[in-house]
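In what follows, a structure is listed as structure tokens, so that the remarks can point back to it.
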Number of protein chains: 2
Amino acid sequence: MVPAARRGRPRAEGADEKILGAALELLLERGYDRFSVDEAAATAGVAKTTLYRRWPTKDHLIVAVVARMQDEVPVRYSGDVRADLTRYLNAIVHGLDRVRRAGRPAGSGDASAGLVAEVAAAAARHADVGAAVHAMFARRNAVVLALLQEARSQGELRPDLDPEVLFDQLAGALYYRLLVTGRPLDGAYVGRLVSTALEGAAR
Amino acid sequence: MVPAARRGRPRAEGADEKILGAALELLLERGYDRFSVDEAAATAGVAKTTLYRRWPTKDHLIVAVVARMQDEVPVRYSGDVRADLTRYLNAIVHGLDRVRRAGRPAGSGDASAGLVAEVAAAAARHADVGAAVHAMFARRNAVVLALLQEARSQGELRPDLDPEVLFDQLAGALYYRLLVTGRPLDGAYVGRLVSTALEGAAR
DNA sequence: TTAGTTTCGCTACGGCCGTTTCGTAAAGGA
DNA sequence: TCCTTTACGAAACGGCCGTAGCGAAACTAA
């Protein structure tokens, strides 16, 4: 489907890519707060107005960059939910580790926690960014929710289980631990988390 | 314990209170992003330098305001963990609702989600703010963790349960739902959450 | 060709954050 | 009393975000 020929001067070809590439580099190097829109435009070799025509705020740009670097984690039901969930959550932890290792060296805290928190804050600041962030996570998590439904229909999970609630518990615990408690997020924690969620706390 | 008499001119008595009060009012009225330090100082009737001598950044000030309005939720083990946890989580939800209702009317999304996300972002931006935020939550959650240990020793919870993991699941799910999925946070969700966490997902 | 539309780069601006400077005020110590 | 120390208000500043205005460029439509 070729886009309908529009009226005036066409947008500079490849400008979007140049901007997103420069922005990604600067974002990983400096983190959200030390990231400057002026510098991103300059690094991309583009006027600031050209950037702002595409992304109306710094928040919009950052979320676009983050959405772009989201790698999908391929997951399929293997017959062992515990193993599948453990693998998926470990992939999230590993992705956060990559951001952390790429982050700024200064003692400004955890780069991965910072990025997650800033994306959440951007989602709360602008309604359209919020919609984009919610869609980004929904898309990313859809495969896992389907996996949980499959495991439930296979009898490995309780028939009355709400997969969304279970997933909120798992992913939520990861981000809560990362952002609120400041305690380490590693494979051992993922293992304890999956066990507790699957086997339950009662009795 | 009287503070040791310090050398120079003493700090203006009551200035801290005036600033925190004005800041709280402005924060609830406008939200983090539309909150201006200059305006907070002017409203408090204080020079900006006086404010910055006490809180070196806007983030420090906001976190101090939030820490101040944290009301502790009194919880004791009643012999029914499900009821106790439900009450506690509903208190959190209710507290977020209060912030939401006090929030700005403009379509800038959810005021409570915004405040939570901004506090998390502030914690990630400055190491000392992070320590304060972690301590604030640890203090707030300590009673619940003690409650869980009590319930475990009373045989209502699994003897091998890690209370921290269980609590991460519960609180994390709330904030994850609020910030990431954008879906409603109400009593019905709290009920489903507690049930799933206590009874487990397996079988 | 001509007119109209949209984008481009460039520049300047207002608002806010955080810092700095300056003169003054209020305390303790000699 | 005089000196030192710390806090105060007022003002100015640089950096960054986001907006506005300008002339030029690139395209469509007539």
Side-chain angles (χ1 to χ4, degrees), chain A residues 2-19 22-23 26-27 29-65 104 106 108 118 121-122 125-129, chain B residues 2-19 22-23 26-27 29-65 104 106 108 114 118 121-122 125-126 128-129:
Chain A
V2 177
R6 279 188 299 176
R7 290 282 304 220
R9 173 173 178 172
R11 295 211 165 169
E13 199 173 351
D16 296 48
E17 294 299 322
K18 284 195 301 181
I19 296 170
L26 284 176
L27 179 63
E29 179 183 332
R30 314 218 172 153
Y32 180 92
D33 40 336
R34 288 192 239 259
F35 174 95
S36 154
V37 175
D38 290 60
E39 191 176 0
T43 304
V46 154
K48 197 165 52 156
T49 44
T50 298
L51 190 156
Y52 271 103
R53 195 173 295 109
R54 292 161 167 78
W55 297 280
T57 74
K58 174 178 174 177
D59 282 338
H60 287 76
L61 174 59
I62 283 347
V63 168
V65 169
R104 58 224 147 135
S108 324
E118 296 292 357
R125 280 190 283 254
H126 321 276
D128 54 346
V129 173
Chain B
V2 176
R6 278 187 298 176
R7 287 281 304 213
R9 172 175 178 171
R11 294 208 167 172
E13 199 173 351
D16 296 47
E17 295 299 322
K18 285 195 301 180
I19 295 170
L26 285 176
L27 179 63
E29 179 183 332
R30 313 219 171 151
Y32 180 92
D33 41 334
R34 289 190 237 260
F35 174 96
S36 156
V37 175
D38 290 59
E39 191 176 2
T43 303
V46 154
K48 200 164 51 156
T49 43
T50 298
L51 190 156
Y52 272 103
R53 194 172 297 109
R54 291 162 168 78
W55 298 280
T57 74
K58 173 177 174 176
D59 283 338
H60 287 76
L61 175 60
I62 283 347
V63 168
V65 169
R104 60 223 147 134
S108 324
E118 296 292 356
R125 281 191 282 255
H126 320 276
D128 54 346
V129 173

Task: Shortest side-chain distance from A:Arg53, nucleotide among D:dC17, C:dT7, D:dG9 - done: C:dT7
- [ ] Mind checking the CZ-CG spacing from B:Arg34 to B:Leu27? Nearest 0.5 Å is all I need.
- [x] 13.0 Å
TODO: Return the value, rounded to whole Å, for the distance between atom NZ of B:Lys58 and atom C1' of D:dC16.
DONE: 13 Å
- [ ] Enter the distance from A:Thr57:OG1 to A:Asp128:CG here, rounded to the nearest 0.5 Å.
- [x] 7.5 Å
TODO: Using heavy atoms to find the nearest nucleotide of DNA chain D for A:Glu39 and B:Gly8 separately, return the residue whose nucleotide is more 5′.
DONE: B:Gly8
Task: Between D:dC17 (P) and A:Arg34 (CZ): distance, integer Å - done: 14 Å
Open item on the list: In this structure, how many angstroms lie between the P atom of D:dA26 and the CD atom of A:Glu13, rounded?
Closed with: 14 Å
TODO: For B:Arg6 and C:dG29, give me the distance from atom CZ to atom C1', rounded to whole Å.
DONE: 17 Å
Task: Point-to-point distance, once rounded to the nearest 0.5 Å, from CG of B:Asp16 to CH2 of B:Trp55 - done: 4.5 Å
Task: Nucleotide nearest A:Arg11 (side chain, heavy atoms from C-beta), chosen from C:dC8, C:dG9, D:dA7 - done: C:dC8
Open item on the list: D:dC8, OP1 or OP2 - any side-chain N/O from B:Arg54 closer than 4.0 Å?
Closed with: yes
Task: Closest to the B:Asp38 side chain, choosing from C:dC16, D:dT4, D:dG9 - done: C:dC16
TODO: Select one nucleotide: of C:dT5, D:dA25, D:dG9, the one nearest the side-chain heavy atoms of A:Arg9.
DONE: D:dA25
- [ ] Using atom CD1 of B:Ile19 as one end and atom C1' of D:dC8 as the other, report the distance to the nearest whole Å.
- [x] 12 Å
Task: Phosphate OP1/OP2 of D:dG9 contacted by B:Thr50 side-chain N/O (<4.0 Å) - done: yes
- [ ] Nearest whole angstrom, please: distance from the C1' of D:dG18 to the CZ of A:Phe35.
- [x] 14 Å
Task: Euclidean distance, atom CG of residue A:Asp33 to atom P of C:dC16 [Å, nearest integer] - done: 20 Å
TODO: Figure out the CD1/P separation between A:Ile62 and D:dC17, and round it to whole Å.
DONE: 9 Å
Task: Residue B:Arg7, side-chain heavy atoms: nucleotide from D:dA10, D:dT6, C:dG18 that is nearest - done: D:dT6
TODO: Ignoring hydrogens and angles, answer whether the base of C:dG9 and the side-chain atoms of A:Lys48 contain a donor-acceptor pair closer than 3.5 Å.
DONE: no
Task: Residue closer to the 5' end of DNA chain C, B:Asp59 versus A:Gly45 (nearest nucleotide) - done: A:Gly45
Open item on the list: Nearest 0.5 angstrom please: A:Glu39 CD to A:Leu26 CG, how far?
Closed with: 5.0 Å
Task: CZ on A:Arg54 to CZ on A:Arg11, rounded to 0.5 Å - done: 5.0 Å
Task: Atom of B:Ala22, atom of B:Ala40 and distance for their closest heavy-atom approach - done: CB-O, 4.0 Å
TODO: Check if the side chain of A:Thr57 and the base of D:dG18 share a donor-acceptor pair of N or O atoms closer than 3.5 Å.
DONE: no
TODO: May I ask you to evaluate whether B:Thr49 reaches the phosphate of C:dT19, defined as a side-chain N or O under 4.0 Å from OP1 or OP2?
DONE: no
TODO: Would you mind classifying the nucleic acid contact of A:Ala12 as base, sugar-phosphate or nothing, using non-hydrogen atoms under 4.0 angstrom?
DONE: sugar-phosphate
